[in-house]
Amino acid sequence: MPTLRIVTWNINSVRLRLPLLADLVRDLAPDVICLQETKCPDDLFPHDGIAALGFPHRAQRGMKGYNGVAILSRIPLAVREGDPNWCEKGDCRHLGVTLDVPGGLELHNFYVPAGGDMPDRAANPKFAHKLDFVAEAAAWERARGGARRAVMLGDLNIAPLEHDVWSHRQMLGVVSHTPVEVEALNAWQQAGAWHDALRHFVPPAEKLYTWWSYRAKDWAAANRGRRLDHIWVSQDLAGALSGWNVLKAARGWTQASDHVPVMAEITL
DNA sequence: ATGGTCGGAGCCCGA
């Protein structure tokens, strides 16, 4: 049975952190890597360096300065056509592919808007954009029907469970953990009947983070993390989940991203 | 206590 290791990582500049990608490959031995915040126009994407790491199949959707997503693969892939232009912005927050494994596997890589500082739709257009984006994703799921043989992942910028944040009580009013965001994310997850691959393995009462702020004096000592990065699988693949990893050590790497790589293994 | 640090662009913006 083929085993597939899929990683999601908000790399926060693919050009600056290309050397760290080699460390990720060494530590997690992934077959597919989904990146967010590549901050790299397509014509400047570092294809050669990534090919040298053993990823001959690549797709990217980038722009100057902000956002940007990419999928790096040991397995051939085909970019999906006809997926939405989210919020009519053309801002490079989603890339969908079909992986060439027996039976095929649909894979969606998302970078959800962070939402700014104020959790107020009327006063903060970034927060409105975030809520609109997630609502549009839920509507898209409903329109196309429950996916099968599919993986949905990325930096969703929402920590839905109480123990996805260091303090549920203190985070209730902070963008990423407000009830209105959590409700929107849950509606998306339910609309697609997605199964949370990391909470499949880690009980909900156990703290689990994938992001630690750059602004902390000592991120590890404070450990005020949030689980913003997610991997969901379609229900038919829930029984195929065979492993996981959150590479917390990556937060301590030299010139680290504020997000760490998250891995799920599927035995098809 | 209401700061703090990043990356990319280009003399701030978004996270």
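Just so it is clear: chains get the letters A, B, ... in the order the sequence lines come, proteins before strands, and each one is counted from 1. Note that the structure is predicted; figures quoted are calculated from it, not measured.
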J.: Pick the nucleotide of DNA chain B nearest each of A:Lys64 and A:Asp155; which residue has the one closer to the 5' end?
T.: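 It is A:Lys64, whose closest nucleotide lies nearer the 5' terminus.
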J.: Just to confirm, is there a sub-4.0 Å distance from OP1 or OP2 of B:dG14 to any side-chain nitrogen or oxygen of A:Lys126?
T.: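 Yes.
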J.: Return the value, rounded to whole Å, for the distance between atom CG of A:Asn10 and atom P of B:dC6.
T.: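 The answer, rounded to whole Å, is 16 Å.
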J.: Within the side chain of A:Arg142, is there an N or O that forms a donor-acceptor pair under 3.5 Å with the backbone of A:Gly192?
T.: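 Not confirmed, A:Arg142 side chain does not pair with A:Gly192 backbone.
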J.: Would A:Arg251 count as a cation-pi partner of A:Trp212, with NZ or CZ less than 6.0 Å from the six-membered ring centre and within 45° of the ring normal?
T.: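 No; the conditions do not both hold, so A:Arg251 does not lie above the ring face of A:Trp212.
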J.: At under 4.0 Å, does any side-chain N or O of A:Arg15 touch on OP1 or OP2 of B:dG7?
T.: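 Answer no for this pair, as no side-chain N or O of A:Arg15 is under 4.0 Å from OP1 or OP2.
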J.: For DNA chain B, which residues in residues 165-183 of chain A have a heavy atom at a distance below 4.0 Å?
T.: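 When residues 165-183 of chain A is checked for heavy atoms under 4.0 Å from DNA chain B, there are no hits whatsoever.
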J.: Go nucleotide by nucleotide along DNA chain B from the 5' end; which of A:Arg224 and A:Leu16 gets its closest nucleotide reached first?
T.: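 On the 5' side of the pair lies A:Arg224.
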J.: Just call it for A:Arg93: base, sugar-phosphate, or nothing, with non-hydrogen atoms closer than 4.0 Å on any strand.
T.: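 Sugar-phosphate, no base atom in range.
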J.: Within a radius of less than 6.0 Å around CZ of A:Arg148, do more than 12 heavy atoms belonging to other residues, nucleotides or ligands occur?
T.: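 Not more than 12 within 6.0 Å, no.
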J.: For the pair made of CG in A:Asn12 and P in B:dC13, what is the distance, rounded to whole Å?
T.: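 Interatomic distance, CG of A:Asn12 to P of B:dC13: 19 Å.
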J.: If you draw the axis of the six-membered ring of A:Phe55, does the NZ or CZ of A:Arg74 fall within 45° of it and under 6.0 Å from the ring centre?
T.: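 Ring-cation test returns yes.
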J.: Determine the contact category for A:Lys217: base if any of its heavy atoms lies under 4.0 Å from a base atom, sugar-phosphate if only primed atoms, P, OP1 or OP2 are that close, otherwise nothing.
T.: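 The answer is nothing, as A:Lys217 stays clear of every strand by at least 4.0 Å.
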J.: Identify the residue among A:Trp140, A:Trp86, A:Trp232 that makes a ring pair (Phe, Tyr, Trp, His ring centres under 6.0 Å) with A:His108.
T.: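 Exactly one option meets the ring pair (Phe, Tyr, Trp, His ring centres under 6.0 Å) with A:His108, and it is A:Trp140.
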J.: Using atom CG of A:Asp91 as one end and atom C1' of B:dA15 as the other, report the distance to the nearest whole Å.
T.: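 These atoms are roughly 14 Å apart.
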J.: Let's see if you can work this out: which of B:dC13, B:dG4, B:dC6 has an atom nearest to the side-chain heavy atoms of A:Tyr66?
T.: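 So the side chain of A:Tyr66 is nearest to B:dC13.
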J.: Kindly state which residues belonging to residues 34-49 of chain A come within less than 4.0 angstrom of DNA chain B, counting heavy atoms of the residue only, listed by number.
T.: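 A:Glu37, A:Lys39 - these, ordered by number, are the residues of the stretch whose heavy atoms sit under 4.0 Å from the strand.
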J.: Please check if the side chain of A:Lys207 supplies one atom and the backbone of A:His163 the other of a donor-acceptor pair under 3.5 Å.
T.: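 Checking the backbone N and O of A:His163 against the side chain of A:Lys207, no donor-acceptor pair under 3.5 Å is found.
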